[in-house]
Structures are given as structure tokens and as C-alpha cells.
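Written below as C-alpha cells is the structure these notes are about.
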Amino acid sequence: MDHPSNRSELTRRSLVRVGLSTAAVASASTVMAQGAPTSPPAKPGALTTAPTSQTGLSPRLTLHAIDNFHGTPAAGMVCDLAMLDGEGYKPLKTITTTATGRPADPVLIDDAFKAGHYELVMHFEDYFSKLGVKLPNPNFLSLVPIRFQIRDAGQRYHLPVLLTPWGYSYYRGS
Amino acid sequence: MAGISTHVLDTDRGRPASGVRIDFSMMEDGKWRLMRSVVTNADGRTDKPILPGGEAKVGQYELVFHVTDYLKARSGTAEADIFIDDPVVRFAIFDAKQHYHVPMLCAPGSFTTYRGS
């Protein structure tokens with residue numbers, strides 16, 4: 001299951017998917033040579049969590065950060081949430097994802113869950129550098145703003161973010 | 001080729017997104033300075049590079065994609081279904097000799113960007 005050549009193959013394929021150069025492949029090998037990082041997530045491709053269905057839950061905003069570079073949940077990702085208020089984004093809270101790539105609690109729920117324009121700034125550079133990924137200086141992506149709208153506070157909103165050092169994707173999930 | 005270029009694609013309809021305004025800024029003394037506003041052409045690209053190679057230098061850059069107006073103007077799109085909110089992409093030029101192609105793929109409910117080529 002955990003044969004080194006399998007892991008190597010997996011990582012190479014994911015690198016091809018995100019369009020990385022041979023130099024980046026070499027840096028990924030460095031990561032693997034260092035073994036599992038001291039903080040979560042675990043080694044590339046290691047998964048111990050099952051998918052979670054949130055169907056039927058009350059209105060709320062939830063987040064899931066997924067590390068498509070390592071093939072793991074993005075654990076320990078620091079995110080600053082702000083809401084548009086008049087002219088600018090007003091900070092609401094800073095949250096950190098757990099080992100599942102999700103925060104321990106809903107990002108917003110009950111009275112705090114309001115319709116509006118939101119920005120979640122995710123600390124990509126800190127996240128990847130802590131895992132020993134070799135990054136350019138300055139890194140291509142460092143503080144990544146995710147802007148979205150909650151249009152109806154009577155509905156449940158799930159925000160998955162798929163990330164690598166070279167790109168990201170977000171969408172209204174389920 | 002060096003500098004910055006972009007491409008706006010509507011992955012919901014499978015076609016380039018034309019007429020999308022893009023505001024391009026760079027970080028100067030800790031503040032974003034608007035360099036230019038451009039509008040995508042019929043191919044979803046800009047007629048001129050966002051940042052010509054001769055002007056490229058190491059630093060932080062920002063692209064704001066004003067796609068809400070574009071999405072609202074499409075036939076058959078309910079405004080209530082638009083989840084992405086004029087996405088902002090902030091990235092660094094770390095080597096001014098390289099080219100940075102920063103495409104964005106959008107639909108009412110999703111957004112993707114990456115270092116392209």
C-alpha cells in the first residue's frame with residue numbers, strides 16, 4: 001500500500017496535472033526524502049479520513065481545504081475571513097483547518113451567518129513552506145483571496161478550495 | 001517572452017468570455033497601484049499583454065476579474081446562482097525573465113486559476 005515507488009508515481013502524476021517543471025519534480029523528491037512533516041498532513045497520498053456528507057444540516061458556511069499537491073487534506077491552513085462593509089473588507093475571524101482540512105466548527109452559523117460579500121484569505125505560502133516544499137522567493141502564490149457571495153442565508157453553503165503552489169480552484173460545494 | 005498575460009474562459013458554456021473588465025495592479029510601497037483596466041476580446045484575451053516584458057520586475061501583482069456583469073448578462077443565468085464574486089488573483093513575479101500566463105476559468109459557481117503557459 002505504502003510502497004515508495006507507488007508514492008513517487010502518484011506524486012509525479014499530480015505534478016504533471018498541475019503543469020510543473022522538472023525542477024519542481026526535483027523539489028517534490030526533496031519533500032519525500034525528508035519523510036513525513038512534523039505537522040499534519042501526513043506523507044503524500046496518505047488518507048485516513050472518509051468523505052463527509054452535510055446534507056440536511058441547517059444553514060451555515062463550511063470550508064474544506066484540499067491539498068492537490070500532496071493528495072491530502074490541507075491541515076493547519078490559516079484563513080482570515082472578512083466581509084464587505086461599505087468601502088472595504090472588515091475582518092471577522094481567523095480560522096485554522098484541522099487534520100481533515102476542515103475547521104473544527106462551521107465558519108459561519110446561526111446569527112453570524114448573513115448574506116453578503118465575503119473574502120477568505122488563505123495563507124498558501126506558509127502552508128507549503130511548513131511542509132518543506134521548495135518555493136520561489138517571492139512565491140507565486142502567498143496570501144490568496146477567495147471572494148464569494150452568500151446570497152441567501154436560508155441555504156447551506158459549502159466552500160471547497162483545491163490548492164497547489166501554482167494554482168487553485170474553488171466552487172460552491174455540497 | 002516575459003511579462004504577464006491572461007485568458008478568461010467560461011467553462012459553463014465552453015467558450016471564451018469576452019467583454020470582461022480586468023483591473024491590473026501592482027504593489028508599490030505596500031499599496032496596490034492600478035496600472036491599467038482592460039476588456040477581454042472575442043477570444044477572452046487582451047489585445048495587448050497585461051504587462052509587457054519590458055516592464056516586468058520582481059514584485060506582487062493583482063488581477064481583478066469583473067465577471068459578475070458578464071455572468072448576469074448571459075441568457076439563462078439566475079443571479080441567485082452566482083457564487084463567485086469578481087475573483088481577485090494575487091501573485092508574484094519571482095523572475096522577471098520568465099513569462100507569467102495567469103488564466104482564469106469561471107462559471108457562476110466556480111473559479112480556477114493557475115500558472116499557465
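Below, all heavy atoms of this structure are taken into account, side chains as well, without hydrogens, waters or symmetry copies. Quantities reported herein were computed from a predicted structural model and do not represent experimental measurements. Every chain is numbered from 1, with letters handed out A, B, ... down the list of sequences.
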Chain A contact via [X] - side chain, backbone, both or neither, heavy atoms under 4.5 Å:
X     : result
B:D95 : neither
B:V58 : side chain
B:I93 : backbone
B:E79 : both

[X] versus chain B, the contacting section by heavy-atom distance below 4.5 Å:
X      : answer
A:D152 : neither
A:I150 : neither
A:R147 : both
A:F124 : neither

Nearest 0.5 angstrom please: [X] [atom1] to [Y] [atom2], how far?
X      : Y      : atom1 : atom2 : value
A:Y170 : B:F111 : OH    : CZ    : 5.5 Å
A:N139 : B:F94  : CG    : CZ    : 7.5 Å
A:Q149 : B:D85  : CD    : CG    : 4.5 Å
B:D81  : A:R172 : CG    : CZ    : 8.0 Å
A:L141 : B:R115 : CG    : CZ    : 10.5 Å

*Most heavy-atom pairs under 4.5 angstrom with chain B, which of A:S142, A:G167, A:P136, A:P160?*
A:P136
*For B:V89 and A:Y168, run side chain to side chain contact (heavy atoms under 4.5 Å, CB included): C-alpha distance rounded to whole Å, both residues' side-chain angles, the deciding distance at 0.1 Å, then the answer.*
CA-CA 10 Å; B:V89 179; A:Y168 56 94; 3.8 Å; yes
Cluster overlap [X] with [Y], hydrophobic side-chain contacts below 4.5 Å:
X      : Y      : answer
A:F69  : A:L135 : yes
B:L63  : A:W166 : yes
B:Y114 : A:I66  : no
A:I95  : A:Y157 : yes
B:M35  : B:V38  : yes

_Max heavy-atom pair count under 4.5 Å with chain A, selected residue of B:S117, B:A80, B:G59_ = B:A80
*asked:* If you count heavy-atom pairs within less than 4.5 Å of chain A, which of B:Q60, B:M104, B:R90 leads?
replied: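 Most heavy-atom pairs within the cutoff with chain A belong to B:R90.
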*Can you name the one residue among A:Y118, A:F148, A:Y171 that meets ring-ring contact (aromatic ring centres under 6.0 Å, His included) with B:F83?*
A:F148
*So does B:R13 have more than 12 non-hydrogen atoms from other groups sitting under 6.0 Å from CZ?*
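More than 12 within 6.0 Å, yes.
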*With under 30° as parallel and over 60° as perpendicular, where do the rings of A:F140 and B:Y100 fit, or are they tilted in between?*
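Ring orientation of A:F140 relative to B:Y100: parallel.
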